[in-house]
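Presented below is the structure to which this report refers.
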Number of protein chains: 4
Amino acid sequence: MPEGRRGAVRSEAARVAILEATAALFAERGYDHLSIEGIAARAGVGKQTVYRWWPGKSALIADCLLEGMLLPDRFAVPDTGDLRADLIAWLAGVEGVLDSPTGEGLYRSLIAAASENAEVAQRLRESLADPRLFAPRLRAARDSGEVRADLPVDEVSEALIGAIMLRALARTPRDPGLPERLVDLTLGPRPS
Amino acid sequence: MPEGRRGAVRSEAARVAILEATAALFAERGYDHLSIEGIAARAGVGKQTVYRWWPGKSALIADCLLEGMLLPDRFAVPDTGDLRADLIAWLAGVEGVLDSPTGEGLYRSLIAAASENAEVAQRLRESLADPRLFAPRLRAARDSGEVRADLPVDEVSEALIGAIMLRALARTPRDPGLPERLVDLTLGPRPS
Amino acid sequence: MPEGRRGAVRSEAARVAILEATAALFAERGYDHLSIEGIAARAGVGKQTVYRWWPGKSALIADCLLEGMLLPDRFAVPDTGDLRADLIAWLAGVEGVLDSPTGEGLYRSLIAAASENAEVAQRLRESLADPRLFAPRLRAARDSGEVRADLPVDEVSEALIGAIMLRALARTPRDPGLPERLVDLTLGPRPS
Amino acid sequence: MPEGRRGAVRSEAARVAILEATAALFAERGYDHLSIEGIAARAGVGKQTVYRWWPGKSALIADCLLEGMLLPDRFAVPDTGDLRADLIAWLAGVEGVLDSPTGEGLYRSLIAAASENAEVAQRLRESLADPRLFAPRLRAARDSGEVRADLPVDEVSEALIGAIMLRALARTPRDPGLPERLVDLTLGPRPS
DNA sequence: GGCTAAGCGAGACGGTACGTCGAGTCTTGGG
DNA sequence: CCCAAGACTCGACGTACCGTCTCGCTTAGCC
């Protein structure tokens, strides 16, 4: 039995409207230029309703990430049996977000949000490369001799994602060959 | 004959005072919480003098980076003849900034600044790993057989610096063994 | 049913504090030198609260006039039965404001405010000589033969107040005989 | 022999350009909205050259008045022998300035300037009704019995000009019969 | 069914900072 | 010494949002 809460219950409609307004404004105008006031207005909601449930705009972004409203996909590593090809395909997907016009500043804005909110950073990282899926695959490949035995597994996704982010930060133009080169770099030379 | 520039010349004292105030406040309170108003007050300068020469706070950070007022060093890769050891030492230096108390949020703040200003991003990247110094060393090592022949040289520093940044973003705790593992990851297995 | 006004209601405390601060600073430092910023600070109020309800400082002065916070009195024409004496007494009162030390620049400041805001001008004029009280008295006196039959009633207060204002503008020193001479001038020769 | 002043002499061209720029901007945009900066720019002159010779913008207005650059005329009372007609004609001229489109705010702007600068007030008053010309005419008329014997001569122009100014302040619309009624009011009933 | 909470849209409140304008002063270099 | 140009410090402008706080209304469990 729930403890005796009385009164109206949280409005799901408001919650969704707020997150959708956040995602829309985030995509339109970037993380800075995002204002609680603007979100509330766009969502047709009082400011207090936002502040009642979230401490600030970075927490809103964290929730949007969690609901998959900002990144197109969960970017899970596909599993065709060929690890190297799977990683390249996945990394190409991650980098491919940069192609869309709205996606131009998307990563940069997410990085800005992550820099002031640990939860955003955590969820952003998991969205791009979920360690729970990533590491076991790599460990298995190492054990089976598919990749070299001394591969520092945990660092692989950090290096791959980190490189993508650094390039997004520096506005380095898209490079179709990049995913393959990065995977080559981290997994070591292809067995010939 | 110089073209007819007339009128008082730009005050070097003001320029320096502004950059120093920027660096001090940036270290003290981070990139957000940095305000032009606060910088001008701390520098003993009118706001207009800031706006006359810089379009906003991100441009101030870019100039501070250029003058080496934010990062302790140019983080050049040392040259002892042992490339692998040199890279590890350099990377340890880069990561070591995180040890200092003020340096806790330093990288995160720089990343925030970089996310809204391309020049900051460019200069941050060069401060950490100047490509003009970095790549030639690697190419030479590749040619001499010191590292594997198919090493994608340009991606090495991206992966290394990217990994550090990603960990800074995610507030991953310092790990003394990290530099070595990252260098192992990118340069491939040590020749035994 | 009232139309659906919702949200918090206007704070009377803030309204009064702002008008009082305006009146105090106006008396202390004059119309120019009056700043919204100063008013808000003195009233302990955000600037936005001023701008929400008044478009600028001249409108504040208009409201202060309406509330009788700037001019000591409504300067109504007394009614002792002797019109000529009443007008002289009233005009002496109006001119007497110039005696007070704070009142030195009071009229000049009010004139400055009136010159950029029609409402101030209107209310200033009514404060000094309310036409709704003034004209009927004069008309009755004309009908009863107390003053000459061709007296242009509406112009009387304009001439009287106008003369006072012109002297205030020109910093002409106070002259105790002035009210009587002006009334003589406008009402015509005393019946002997 | 002049005392030994050395160096360049004041530039008449600059002086005139400044006054002309002042008059033009004053007519275009009114007394407030008048800025030294704008005047200097319009005159093609350094700000310092303005400040070297005038203490502020009200002094510039005073000089413009003196040079007749603001008011169309000296508004001298004509002399046809018929004093009453002359006064009416003169007063109609003074009031007629209000007809011109630029003249709409001209008086109000002059009043604003006068309210913060005694010299402007003095010169404005003299421009409209020079006491040196005005009073003697009236005194002669009083002596010759043309107007009543107890007329307070000095107050006549004050009342006439004051009434005009008060109406300008209050934005009272032009009234073609006004000059005649005001003269009637001050000079007393027409001898029939 | 009435009472008491809580949530809600709205929006006023005291603040901080924004980016701009203009004030009045000072500094250059040329005449 | 004057002049045009223009950089300087400083104060105020009017605006945007912040995060908090009433309002009056609706919604829901509880007596």
Side-chain angles (χ1 to χ4, degrees), chain A residues 2 4-11 13-15 17 33-41 43-53 55-57, chain B residues 2 4-11 13-15 33-41 43-53 55-57, chain C residues 2 4-11 13-15 17 33-41 43-53 55-57, chain D residues 5-11 13-15 33-41 43-53 55-57:
Chain A
R5 246 181 95 303
R6 275 188 300 173
V9 88
R10 175 171 187 182
S11 155
R15 199 195 121 256
H33 306 129
L34 197 61
S35 72
I36 301 279
E37 206 135 292
I39 290 168
V45 140
K47 278 203 295 177
Q48 196 57 250
T49 303
V50 180
Y51 283 110
R52 187 157 23 234
W53 305 109
K57 63 178 182 169
Chain B
R5 262 273 289 89
R6 276 189 298 175
V9 89
R10 175 171 186 182
S11 156
R15 201 195 119 256
H33 307 129
L34 196 61
S35 72
I36 301 277
E37 203 132 307
I39 290 168
V45 139
K47 269 202 291 182
Q48 198 58 252
T49 300
V50 180
Y51 283 111
R52 183 153 32 232
W53 303 110
K57 62 180 183 169
Chain C
R5 259 276 287 92
R6 278 190 294 175
V9 88
R10 176 172 183 179
S11 157
R15 202 196 118 255
H33 307 129
L34 196 60
S35 73
I36 302 277
E37 203 133 308
I39 290 168
V45 139
K47 270 201 291 182
Q48 198 57 249
T49 301
V50 180
Y51 283 111
R52 181 149 38 228
W53 303 109
K57 63 179 183 170
Chain D
R5 249 177 96 300
R6 276 185 302 170
V9 88
R10 175 172 186 179
S11 154
R15 200 194 121 258
H33 306 128
L34 197 63
S35 73
I36 301 278
E37 206 136 289
I39 290 168
V45 139
K47 278 204 294 179
Q48 197 55 251
T49 302
V50 180
Y51 282 111
R52 187 157 24 235
W53 304 109
K57 64 179 182 169

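Every value quoted in this text rests on a predicted model; they were computed, and no experiment measured them. Here is the naming used below: chain letters follow the sequence lines, and residue numbers restart at 1 for every chain.
- Applying the side chain to side chain donor-acceptor pair (under 3.5 Å) test to B:E37 and every residue at least two apart in sequence or in another chain returns B:K47.
- The distance from atom CD1 of A:I39 to atom C1' of F:dC18 is 13 Å, rounded to the nearest whole Å.
- Each of B:K57 and C:V45 has a nearest nucleotide on DNA chain E; the 5'-most of these lies closest to C:V45.
- An OP1 or OP2 oxygen of F:dC1 is reached within less than 4.0 angstrom by no side-chain nitrogen or oxygen of D:R10.
- B:A14 and B:S11 make their closest contact through N-OG, 3.0 Å (heavy atoms, listed as atom of the first residue, atom of the second, distance).
- Counting all heavy atoms, side chain and backbone alike, C:K57 lies closest to C:I36 at N-CD1, 3.8 Å.
- Residue C:R52 places at least one side-chain N or O closer than 4.0 Å to OP1 or OP2 of E:dC13.
- A:R6 has no side-chain polar atom (N or O) that falls below the 4.0 Å cut-off from OP1 or OP2 of F:dG29.
- By the side chain to side chain contact (heavy atoms under 4.5 Å, CB included) test, B:A43 is found to be paired with B:A17, B:I18, B:A21, B:V45, residues two or more places apart in sequence or in another chain being considered.
- The bend of the helix from E:dG1-F:dC31 to E:dG31-F:dC1, defined by the angle between the axes of its first five and last five pairs, stands at 10° to the nearest 10°.
- Nearer the 5' end of DNA chain F, as judged by each residue's closest nucleotide, is the contact made by B:G46, out of C:G38 and B:G46.
- At E:dG14, one or more side-chain N or O atoms of C:T49 fall inside 4.0 Å of OP1 or OP2 (strictly under the cut-off).
- Remark: B:R15 engages B:E12, B:E67 in a salt bridge (Lys or Arg N to Asp or Glu O under 4.0 Å) (not counting sequence neighbours).
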Taking only nitrogen or oxygen atoms into account, show me every contact under 3.5 Å that the protein makes with nucleotides 19-22 of chain E, one pair per line with its distance.
from: E:dG19; atom 1: OP2; to: B:Y51; atom 2: OH; distance (Å): 2.4
from: E:dG19; atom 1: O5'; to: B:Y51; atom 2: OH; distance (Å): 3.4
from: E:dG19; atom 1: N7; to: B:K47; atom 2: NZ; distance (Å): 3.0
from: E:dG19; atom 1: O6; to: B:K47; atom 2: NZ; distance (Å): 2.7
from: E:dC21; atom 1: N4; to: B:Q48; atom 2: NE2; distance (Å): 3.1

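- For the OP1/OP2 pair of E:dA6 and a distance below 4.0 Å, the side-chain nitrogens and oxygens of A:W53 include no atom meeting the criterion.
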